[in-house]
Engineer: 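Okay, here's the structure, questions in a sec.
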Amino acid sequence: MADSDESGSIDWNSEDDREIEEACVVASSSRPRTPEFEPSRAMEIPASGSSAFRIKDQFRKMGFPEAMVVKAIEGNEGRSEEEILDTLLTYSAIGNDNEAERQSRNEMEHSKDNTLIYLSGDDRYPEEKPDQDEIVAVLVEMGYSEDEVLVALQRCGAETPIDELADFIGAAQMVKESDALAAVNEFTQWHNVSSTTTYSRQHKSCNHIEKKRKLLVPIPKNDGREEDMDVMHLPNPMIGYGVPGEPYAISYRTLPEAARGPPYFYYENVALAPKGVWAKISRFLYEVQPEFVDSAYFCAANRKRGYIHNLPISNRFALKPLPPRTIHEALPSTKKWWPSWDKRTKFNCLQTCIGSAKLTERIRKELEKSDMEPPSLVVQQRVLDECRRWNLVWVGKNKVAPLEPDEMEFLLGFPRDHTRGVSRTDRYKALGNTFQVDTVAYHLSVLKDVYPEGMNVLSLFSGIGGAEVALHKVGVPLKNVLSIEISEINRRILRSWWEQTDQKGTLVELDDVQRVTNDILDKWARNFGGFDLIIGGSPCNNLSGSNRVSRDGLEGAHSSLFFDYFRILDHVRSTGGIYQ
DNA sequence: ACGATTATGAGAGGAACG
DNA sequence: CGTTCCTCTCATAATCGT
């Protein structure tokens, strides 16, 4: 979401509340030099101040993530360095288990979480699980799997008679190798919400007892090979718990006890992160399994992302009007020049860089030189490769061009000219880093009825305000928003939108997430009356495949800010999110 | 100093093949 | 099954022009 490569800015002006502003000035920008770490010498750790920074840097040098260090220091106020180191090692073990710890953790997980999906749920939403339990139980008794039954219920409606549901399931089973059905199976397996081994293609078998037994048997997460432990399987098609227009959706899931809201949280990052990254993120975020969704199901561009959240997942609704889902519908003017041999209907992922003018010129030359209609297959292939790589569109005879910033805004679900007023380069950078609004709005839509009076939102890595725009479009009033975003340009864009849309609430903007301390959080929480939602996508710079230079994983210079997301989230949740 | 422009593959997953 | 081929990826850094 956010850029993280801007530093030196010490702008802590809230521009709204001068009293609070003072509380936001936490430290001077010049951090003290860090001496070499001497483990033999124990010393007292003050809760704050310059030497706390020194200690923090020492531990960071030892390879601990900053958020972890901060958390350890804050939890050990006034204690010795060794005690803090102990705490750090404990955290580290949780985040980066060895084999024994993995084993025991898995056992704990399974005894705790492996319940049938319909047996649990969010008690705050009783309307989400009407008397379906009985229906499910009956159908399961008839030999159908929970997945099938729940899919049928979702598809046919809760009032559907049981025999009709059975018919539907039977029909579904007849669908040969249906992609969507297979996906649901894969998805549920992968999500570990139900462990029905496979969808039985045959009709009701008599082994429902066996099925039922299996349902209670946890799927071992590894079968002996340790590499499998950290591998997070991506669903195909990538529809998460469901997307608009697709018939199959999952409405129930089991959240780990520690993850339940409120306050709610919503975390986002690239789906195709290096191996093990999502497993680690999930371990930190209370073992909630990611929901992987491709925004291609919401707009005309691919955008494969993982979302970890503790929101309810039933009764989601999509924003209206539905955005165009194909290139031709989204950009009708390109149709005139679009050659028939370019079969693209979707854009690839919108990124922060665009194709060069030199490239489009090379393509023009290549096509003119070819002088065939259509060009030779070799030329076609070369041109198409570049068009796909750079998301080029046809704007003239033999002429392609990269997307304009306003076209990207449109595809990503933002209001027209949302990013107007800043340099073209900055617009591309900000847009390449943001949420796809319709996708996120679909997930957040369940909050509309829960918070009719509006929400207090803690928005991390806000960028150009994808979360805020999504909530606004969903119809959730924004009461108070504490937005943290490093880029001054992006903060300006968000504030501009805030004013243009005539928001009634209060927007407070801070810059550096690393310097948002518990005190600051508490202060604003008290001022607002607690946070209802903590939302944000941490930097993907070191996770994205597009990065050829520093794809260093979650511990990378920018992506390690995830640990600040966790630190802040964990603090807000530990206080219950409620202040008086 | 700032904005614009440009060149720069690895790595992972899936499809297609045998 | 394994193997090969195919496709895609919220980017960085050097350089240029003003």
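Quantities reported herein were computed from a predicted structural model and do not represent experimental measurements. Numbered from 1 within each chain, the chains take letters A, B, ... in sequence-line order.
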Engineer: Using ring centroids (six-membered ring only for Trp), state whether Phe317(A) and Tyr442(A) fall under 6.0 Å.
Structural biologist: no

Engineer: Once you apply a heavy-atom cut-off of 4.0 Å, does Arg344(A) come out as touching a base, just sugar-phosphate, or nothing?
Structural biologist: nothing

Engineer: Identify the residue among Trp337(A), Trp394(A), Trp338(A), Phe347(A) that makes a ring pair (Phe, Tyr, Trp, His ring centres under 6.0 Å) with His328(A).
Structural biologist: Trp338(A)

Engineer: Whole Å only: how far is the NZ atom of Lys358(A) from the C1' atom of dC16(C)?
Structural biologist: 10 Å

Engineer: In the strands shown, is dC10(C) matched to any nucleotide by a Watson-Crick or G-U wobble pair with both distances under 3.5 Å, and which?
Structural biologist: none

Engineer: Nearest-nucleotide wise, let me know which of Arg424(A) and Arg362(A) is further upstream toward the 5' end of DNA chain B.
Structural biologist: Arg424(A)

Engineer: If you draw a 6.0 Å radius around NZ in Lys346(A), do more than 12 non-hydrogen atoms from other residues or ligands fall strictly inside?
Structural biologist: yes

Engineer: Specify the separation, in whole Å, of atom CG of Asn542(A) and atom P of dA10(B).
Structural biologist: 19 Å

Engineer: Find the distance Asp294(A):CG to dC10(C):P and express it as a whole number of Å.
Structural biologist: 11 Å

Engineer: Just how far, in rounded Å, is C1' of dG3(B) from OH of Tyr428(A)?
Structural biologist: 14 Å

Engineer: In whole Å, I'd like the distance from the CD atom of Glu268(A) to the P atom of dC10(C).
Structural biologist: 10 Å

Engineer: Would you give the length of the straight line joining atom CG of Asn433(A) to atom CG of Asn541(A), rounded to the nearest 0.5 angstrom?
Structural biologist: 6.5 Å

Engineer: Which base, if any, makes a Watson-Crick or G-U wobble pair with dG9(B), both distances under 3.5 Å?
Structural biologist: none

Engineer: Whether Glu555(A) and Lys280(A) form a salt bridge (side-chain N of Lys/Arg under 4.0 Å from carboxylate O of Asp/Glu) is what I want to check.
Structural biologist: yes

Engineer: Sticking with atom P, work out how far dC10(C) lies from dA7(B), rounded to a whole angstrom.
Structural biologist: 22 Å

Engineer: Would you say dA15(B) has OP1 or OP2 under 4.0 Å from some side-chain N or O of Asn236(A)?
Structural biologist: yes

Engineer: Going from CZ on Arg551(A) to OG on Ser559(A), what distance comes out if it is rounded to the nearest 0.5 angstrom?
Structural biologist: 10.0 Å

Engineer: So, OP1 or OP2 of dC10(C): does either fall under 4.0 Å of a side-chain N or O from Arg305(A)?
Structural biologist: yes

Engineer: How close or far is atom C1' of dG14(B) from atom NZ of Lys275(A), stated in whole angstroms?
Structural biologist: 13 Å

Engineer: Within the side chain of Asn310(A), is there an N or O that forms a donor-acceptor pair under 3.5 Å with the backbone of Ala259(A)?
Structural biologist: yes

Engineer: On the ring face of Tyr286(A), is Arg573(A) found with NZ or CZ under 6.0 Å from the centre and within 45° of the axis?
Structural biologist: yes

Engineer: When you compare dC6(C) with dG9(B), how far apart are their C1' atoms, in angstrom units rounded to a whole number?
Structural biologist: 16 Å

Engineer: Could you check which residues of residues 543-550 of chain A get a heavy atom under 4.0 Å from DNA chain B? Sort them by number, please.
Structural biologist: Gly545(A), Asn547(A), Arg548(A)

Engineer: Can you tell me if Thr425(A) touches the phosphate of dC2(B), counting only side-chain N or O atoms and a distance under 4.0 Å to OP1 or OP2?
Structural biologist: no

Engineer: Backbone N or O of Ser295(A) within a donor-acceptor pair of the Gln436(A) side chain at under 3.5 Å?
Structural biologist: no

Engineer: What are the atom names and distances for every N/O pair under 3.5 Å that joins the protein to nucleotides 2-8 of chain C?
Structural biologist:
unit_1	atom_1	unit_2	atom_2	d
dC8(C)	OP2	Arg388(A)	NE	3.2

Engineer: Could you tell me the separation between the NZ atom of Lys429(A) and the C1' atom of dA11(C), rounded to a whole number of Å?
Structural biologist: 9 Å

Engineer: Which of these nucleotides, dG3(B), dG14(B), dA11(C), is closest to any side-chain atom of Asp426(A)?
Structural biologist: dG3(B)

Engineer: Quick one: side chains of residues 401-410 of chain A, donor-acceptor pairs under 3.5 Å with protein atoms, not counting sequence neighbours, listed by atom name and distance.
Structural biologist:
unit_1	atom_1	unit_2	atom_2	d
Glu404(A)	OE1	Arg424(A)	NH1	3.3
Glu404(A)	OE1	Arg424(A)	NH2	3.2
Glu404(A)	OE2	Arg424(A)	NH2	3.3
Asp406(A)	OD2	Arg416(A)	NH2	3.3
Glu407(A)	OE1	Glu404(A)	N	2.8
Glu409(A)	OE1	Asp417(A)	N	2.8
Glu409(A)	OE1	His418(A)	N	3.4
Glu409(A)	OE2	His418(A)	N	3.3
Glu409(A)	OE2	Thr419(A)	N	2.8
Glu409(A)	OE2	Thr419(A)	OG1	2.4
Glu409(A)	OE2	Arg427(A)	NH2	2.9

Engineer: In whole angstroms, how far is the P atom of dA7(B) from the CD1 atom of Ile354(A)?
Structural biologist: 13 Å

